[in-house]
Amino acid sequence: MFFTNMFLYLVLVFCVIYIFFLKISHNKLQIIPNPWQQVYELIYIFVLATLKAQVDPKGIKFFPYIFAIFIFILISNLLGLIPFSFTVTSNIFITFTIGFSSWIGLTILGFMNQKLKFLKLFLPSGVPTPLVPVLLVIEVVSYISRAFSLSIRLFANLMSGHTLLHILAFFSSKLLKFKLVVGILALILVMAITTLEVGIAFLQAYVFMVLICIYLNDSYHAEH
């Protein structure tokens, strides 16, 4: 009853991540890193550089969390591009769980670090008194919407892209039976869009990571 496509591919994602880290830890004493280790180092440096560019130096200790999120989303996105597979990150329950839990954790961290000064995030300094109620409502709604925007942005982009690929692939298969040349041209179009989707897979993982880093920085510096 509980063995759904989402559960199956979620297990598959974690298995791929496990194998990836197993490969980079194999023969770790060798002088020349193997290709798996080189890929890991590139991702490690990229994520760390992004984190340092967006977050207060005190927030660098959360690098393992940011790195884990990036790897999970990236692998999930790429596995979803395999024909007849299922994209974990195209499920709103998965993306909402990641986004909402991150938002809750960052909010708690903000109050732990800044106490009541964290509330300055909702009311910028120098605002005219008549605008305070309106701006306060806008800022509170904007802050709450972070939890939803994180999840919906990832879900919507992955779902729309993969839906388009499924439709075009089905259409191309029908065209191949009707006219070979037209069908081949349609398949080339599908391949081009698939390449674009690979780029989007990386981009969406990057965007999610950057937004988490920005919100993490707010947990240390709430003032606008």
Side-chain angles (χ1 to χ4, degrees), residues 10 13-14 17 21 40-77 88-159 200-224:
L10 191 60
V13 168
F14 283 111
I17 294 175
F21 281 100
Y40 170 77
E41 288 176 2
L42 288 174
I43 297 175
Y44 182 96
I45 294 172
F46 173 70
V47 175
L48 184 60
T50 303
L51 183 63
K52 287 182 176 180
Q54 300 291 339
V55 182
D56 182 274
K58 296 178 182 177
I60 302 299
K61 61 184 177 182
F62 292 98
F63 170 78
Y65 175 69
I66 304 297
F67 184 81
I69 285 181
F70 180 79
I71 288 292
F72 173 78
I73 294 177
L74 180 60
I75 297 298
S76 299
N77 294 350
V88 172
T89 43
S90 67
N91 188 293
I92 189 62
F93 293 104
I94 297 295
T95 57
F96 183 75
T97 298
I98 300 173
F100 185 74
S101 60
S102 299
W103 178 77
I104 289 291
L106 293 172
T107 302
I108 294 173
L109 181 65
F111 280 106
M112 288 177 61
N113 289 332
Q114 304 181 67
K115 304 300 186 290
L116 293 180
K117 290 183 179 180
F118 184 65
L119 296 176
K120 291 183 179 180
L121 184 67
F122 307 106
L123 189 63
S125 57
V127 176
T129 304
L131 294 179
V132 169
V134 177
L135 191 60
L136 187 61
V137 172
I138 293 175
E139 290 292 338
V140 170
V141 172
S142 175
Y143 185 80
I144 294 175
S145 67
R146 288 181 176 184
F148 299 95
S149 64
L150 278 172
S151 54
I152 294 175
R153 180 185 289 105
L154 180 59
F155 155 75
N157 280 282
L158 270 297
M159 174 63 77
I200 292 175
F202 281 92
L203 180 62
Q204 289 304 314
Y206 172 73
V207 169
F208 197 98
M209 174 184 66
V210 168
L211 289 175
I212 290 292
C213 290
I214 293 173
Y215 301 157
L216 176 61
N217 188 62
D218 287 341
S219 297
Y220 286 92
H221 303 285
E223 294 185 5
H224 289 252

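Keep in mind that what you see is a predicted model, and the values were worked out from it rather than measured. Sequence positions, counted from 1, serve as the residue numbers for this chain.
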Subject >> Spacing of CG belonging to L158 relative to CG belonging to N91, to within rounding of 0.5 Å >> reply: 11.0 Å
Original post:
Under 4.5 Å between any side-chain heavy atoms of F111 and I108, yes or no?
Top reply: no
**OP:** Output all residues satisfying side-chain contact (heavy atoms from CB on, under 4.5 Å) with V207, sequence neighbours left out; order by chain, then residue number.
**Re:** R153, L203, L211
**OP:** Would you give the length of the straight line joining atom CD of Q114 to atom CG of L109, rounded to the nearest 0.5 angstrom?
**Re:** 9.0 Å
Original post:
If you look at every heavy atom in G59 and V55, which pair is closest and at what distance?
Top reply: CA-CG1, 3.6 Å
Original post:
At their closest point, which heavy atom of K61 faces which heavy atom of Y220, and how far apart are they?
Top reply: CE-OH, 3.5 Å
Subject >> Minimum-distance pair of heavy atoms, taken over all atoms of I43 and F67 >> reply: CG2-CE1, 3.6 Å
Original post:
Going by atom types alone, do N113 and S219 pair a side-chain donor with an acceptor below 3.5 Å?
Top reply: no
Original post:
Hey, is CG on L42 packed in by over 12 heavy atoms from elsewhere, all under 6.0 Å?
Top reply: yes
Subject >> side-chain contact (heavy atoms from CB on, under 4.5 Å) partners of L48, counting only residues at least two apart >> reply: Y44, K52, I60, F63
Original post:
Heavy-atom count around F202 CZ within 6.0 Å, excluding the residue itself: above 12?
Top reply: no
Subject >> Set of side-chain contact (heavy atoms from CB on, under 4.5 Å) partners for V13, sequence neighbours left out >> reply: I17, F72, I75, S76, L79, V88
**OP:** Could you walk me through whether I212 and L150 pass the side chain to side chain contact (heavy atoms under 4.5 Å, CB included) test, one step at a time?
**Re:** CA-CA 9 Å; I212 290 292; L150 278 172; 3.8 Å; yes
Original post:
Using a distance-only test with no angle check, is there a side-chain donor-acceptor pair under 3.5 angstrom linking S102 and Y65?
Top reply: yes
Original post:
Tell me, which pairs form a salt bridge (charged side-chain N to carboxylate O under 4.0 Å, His left out) where one or both residues lie in residues 88-107, sequence neighbours left out?
Top reply: none
Original post:
If you measure from CD1 on I98 to CG on L154, what distance do you get to the nearest 0.5 Å?
Top reply: 7.0 Å
Subject >> Derivation of the side chain to side chain contact (heavy atoms under 4.5 Å, CB included) call for L216 and L51 >> reply: CA-CA 10 Å; L216 176 61; L51 183 63; 4.2 Å; yes
Original post:
Which pairs, with at least one residue in residues 89-112 and sequence neighbours excluded, count as a salt bridge (charged side-chain N to carboxylate O under 4.0 Å, His left out)?
Top reply: none
**OP:** Determine the sole option in K117, K120, R146 for which the salt bridge (charged side-chain N to carboxylate O under 4.0 Å, His left out) test with D218 is passed.
**Re:** R146
Subject >> side-chain contact (heavy atoms from CB on, under 4.5 Å) partners of F96, counting only residues at least two apart >> reply: F100, F148, S151
Original post:
How far apart are the closest heavy atoms of S90 and M159, and which atoms are they?
Top reply: O-CE, 3.3 Å
Original post:
Could you give the distance from CZ (F208) to CD1 (I73), rounded to the nearest 0.5 Å?
Top reply: 4.5 Å
Original post:
For A201 and L74, which heavy atoms make the closest approach, and how far apart are they?
Top reply: O-CD1, 4.1 Å
Subject >> Identified side-chain contact (heavy atoms from CB on, under 4.5 Å) counterpart of E139 within the set V141, L135, V137 >> reply: L135
Original post:
So, do Y206 and T50 sit near enough that their side-chain heavy atoms are less than 4.5 Å apart?
Top reply: yes
**OP:** Fit a plane to each ring of F46 and F70, take the angle between them on a 0 to 90° scale, and name the class: parallel (under 30°), tilted (30 to 60°) or perpendicular (over 60°).
**Re:** tilted
Original post:
To the nearest 0.5 Å, how far apart are CD1 in I69 and SG in C213?
Top reply: 9.0 Å
**OP:** Looking only at non-hydrogen atoms, find the nearest pair between W103 and Y143 and report the distance.
**Re:** NE1-O, 3.0 Å
